[in-house]
Amino acid sequence: MGARRNVAVVGVALSDCGRVDDATPYALHAQAARRALADAGLDRSLVDGFASAGLGTLAPVEVAAYLGLRPTWIDSTSVGGSTWEVMAAHAADAIAAGHARAVLLAYGSTARADVRAGRRTGTLSFGTRGPSQFEVPYGHTLIAKYAMAARRHMIEYGTTIEQLAQVAVQARANAALNPEAMFRTPVTVDEVLAGPMIADPFTKLHCCVRSDGGAAVLLAAEEYVRDCRTAPVWVLGSGEHVSHAALSDWPDFTVSPAAVSGRLAFERAGVRPDEMDLAEIYDAFTYMTLMTLEDLGFCGKGEGGAFVEKGRLRVGGGGLPVNTDGGGLSAQHPGMRGLFLLVEAVRQLRGEAGENRQVRRADGTLPRLAVASGTGGWFCSSGTVVLGVG
C-alpha cells in the first residue's frame, strides 16, 4: 500500500433553509450539492464517492441517482445527529487510503414543512422495537430523555437552569449576526425561563427549532486541491464512539460519548482542546452543548455551568465561540444537523462567515483550528472531527 494521502474539505454549502414550503427533500439535497460543487470549483466527474442518510429506502443509492452520480464508494451510516461527522471521518479514511478521489456528503429535509402540511407528526419516539420496548411503557419521549439527563447534571454538580438558559441566549446572540438564521431576535435568560414547559426542566427555548433545509460537504484528496477555487480546510483527526442503546444502559447521565470521540480526534490530530479557535457542537437541547463542552475537554466535568456563563460562547465574547451560526437552537435544525456543523466550521476557517460573525484570534488573524462534534440518539453516539488550515 502506498503512502496515505492528506484530505481536505474543498466545498461546502447550504440549500435554502428555514421555512421552505415549495421543495422536496430531494430538491434540497440537489440544491446544496450543486452549490458545494460550485463552491469547490471541482469538476463533478472527479466525484467518485457519495454518502447520505435519512431519505428513502436506500439513501445513498436513491439520492445519488437523483443527483446523477454513479459512485464507486458509498456510505449510509445512520447514527442520528452524529451521522455526518462519522461519515466525514469514513470518507476521509477512504480518500486517504486511495479508495476514492472526492466524496460528496449531502443531506436535505423538509421536517418543518411536512408537519405543517400534515404529512408527518412530531417525532416523539423512535418506536417500540429492540431495547426501546423496555422503556416505552414508561412514557419517555425523546425530549424527556434529554431532560432527565440534564436534571441529573443539575443534581450531581449544582448546575442551574439559568446556566442552561445562557446556552440558548448566546446561541441567539450568534444567530443575530447570521442573516441566514431562522430566529435572530435576542432573548434573555428570563425569557427562556418564562417559556412554556416542554419537558422539565426544558422550556421551549431550551429546545431546537424545527426547520427545513439541506447541506453538502465535498472532501477531496490533496492532489486535487490545486484545482479548487477555495483554500483547503484539512481534516486533521477524527473519532467516533457509541455508549448505550437504551437509557437504562447508560452508565452515567453526565458523560456523553463525546468524551471518547473527542479524545480520539484530538489525539489523532496532534492538538489539544485549548488550541481550538471555535467549536461547532450539536445542540438539539441546551444541555447537549454544556455536557459536550465538558466531554471534549474545554472544562472539567461538572464545570460546564460556570463555563457557559458571562457570554463566553458568543462570537467576540472573549472565550470559546460555539455554534457561531446560531446552532440548532436558533439558526436551523431540519433533523440530523451534523452536516451543518461542518459547513459553518469550514466557512469560519476560510474567513467567509461575514464581517459581523467572523471569528478572529486575539491578534486579529483568522482562526486556524476548529472542532465539530455531533451527537446522536439520546447521547447514544458521537462523532468528532478536527479541522485546520495552513
Side-chain angles (χ1 to χ4, degrees), residues 80-82 85 142-143 145-147 149-154 157 159-175 178 181 183 187 189 192-193 198-199 201-209 253-259 261-262 273 276 278-315 317 319-333 336-338 340-342 344-345 348 359 370-379 381-384:
S82 60
E85 282 67 38
L142 177 63
I143 296 174
K145 293 181 178 183
Y146 281 96
R151 181 62 74 184
R152 182 70 252 168
H153 199 281
M154 295 168 76
Y157 297 108
T159 305
T160 67
I161 192 63
E162 290 81 8
Q163 289 171 331
L164 286 171
Q166 275 286 350
V167 176
V169 169
Q170 294 174 61
R172 183 63 63 86
N174 289 342
N178 178 11
F183 294 95
V187 296
V189 168
V192 175
L193 301 185
I198 305 300
F202 293 154
T203 53
K204 182 178 179 180
L205 293 179
H206 283 279
C207 308
C208 66
V209 303
F253 280 20
T254 69
V255 179
S256 79
S261 70
M276 296 299 106
L278 62 124
E280 306 297 337
I281 292 173
Y282 206 97
D283 62 339
F285 305 97
T286 53
Y287 178 53
M288 296 178 75
T289 303
L290 185 147
M291 186 162 70
T292 305
L293 284 167
E294 292 180 349
D295 292 337
L296 291 179
F298 291 112
C299 59
K301 180 52 61 181
E303 298 175 2
F307 186 87
V308 303
E309 289 182 322
K310 300 179 181 179
R312 296 184 65 181
L313 310 185
R314 297 177 58 166
V315 175
L320 175 73
V322 173
N323 296 337
T324 50
D325 63 345
L329 292 169
S330 288
Q332 77 290 109
H333 197 299
M336 297 187 294
R337 191 179 177 273
F340 293 76
L341 309 181
L342 294 169
E344 177 65 11
Q348 287 285 352
V359 171
V371 60
S373 189
T375 301
W378 35 93
F379 289 112
S381 63
S382 177
T384 303

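Contacts of Arg151 classified as side chain to side chain donor-acceptor pair (under 3.5 Å), with partners at least two apart in sequence or in another chain: Asp200. In this structure Phe307 satisfies the ring pair (Phe, Tyr, Trp, His ring centres under 6.0 Å) test with no other residue, sequence neighbours excluded.
Contact of the Phe379 side chain with the Phe253 side chain is not registered, since no non-hydrogen atoms from C-beta on lie closer than 4.5 Å. Inter-residue side-chain proximity for Met291 and Thr375 is flagged as unmet; no heavy-atom pair is nearer than 4.5 Å.
Between the side chains of Gln166 and Glu162, not a single donor N or O lies within less than 3.5 Å of an accepting N or O. Residues Glu280 and Thr324 bring a donor and an acceptor atom of their side chains to less than 3.5 Å of each other. For the 3.5 Å distance criterion, the side chains of Glu294 and His153 qualify, holding a donor opposite an acceptor. Side-chain atoms of Gln170 and Arg312 form no donor-acceptor pair, as typed in the model, at a separation below 3.5 Å.
Distance alone, capped at 3.5 Å, is enough to place a donor-acceptor pair between the Arg337 side chain and the Gln332 backbone. For Asp325 (side chain) and Glu344 (main-chain N/O), no donor-acceptor pair under 3.5 Å exists by modelled atom type.
Between Thr254 and Tyr287, the shortest heavy-atom contact is CA-OH, 3.5 Å.
Aromatic ring pairs are classed by plane angle as parallel below 30°, tilted from 30° to 60° and perpendicular above 60°; the pair Tyr282 and His333 is perpendicular.
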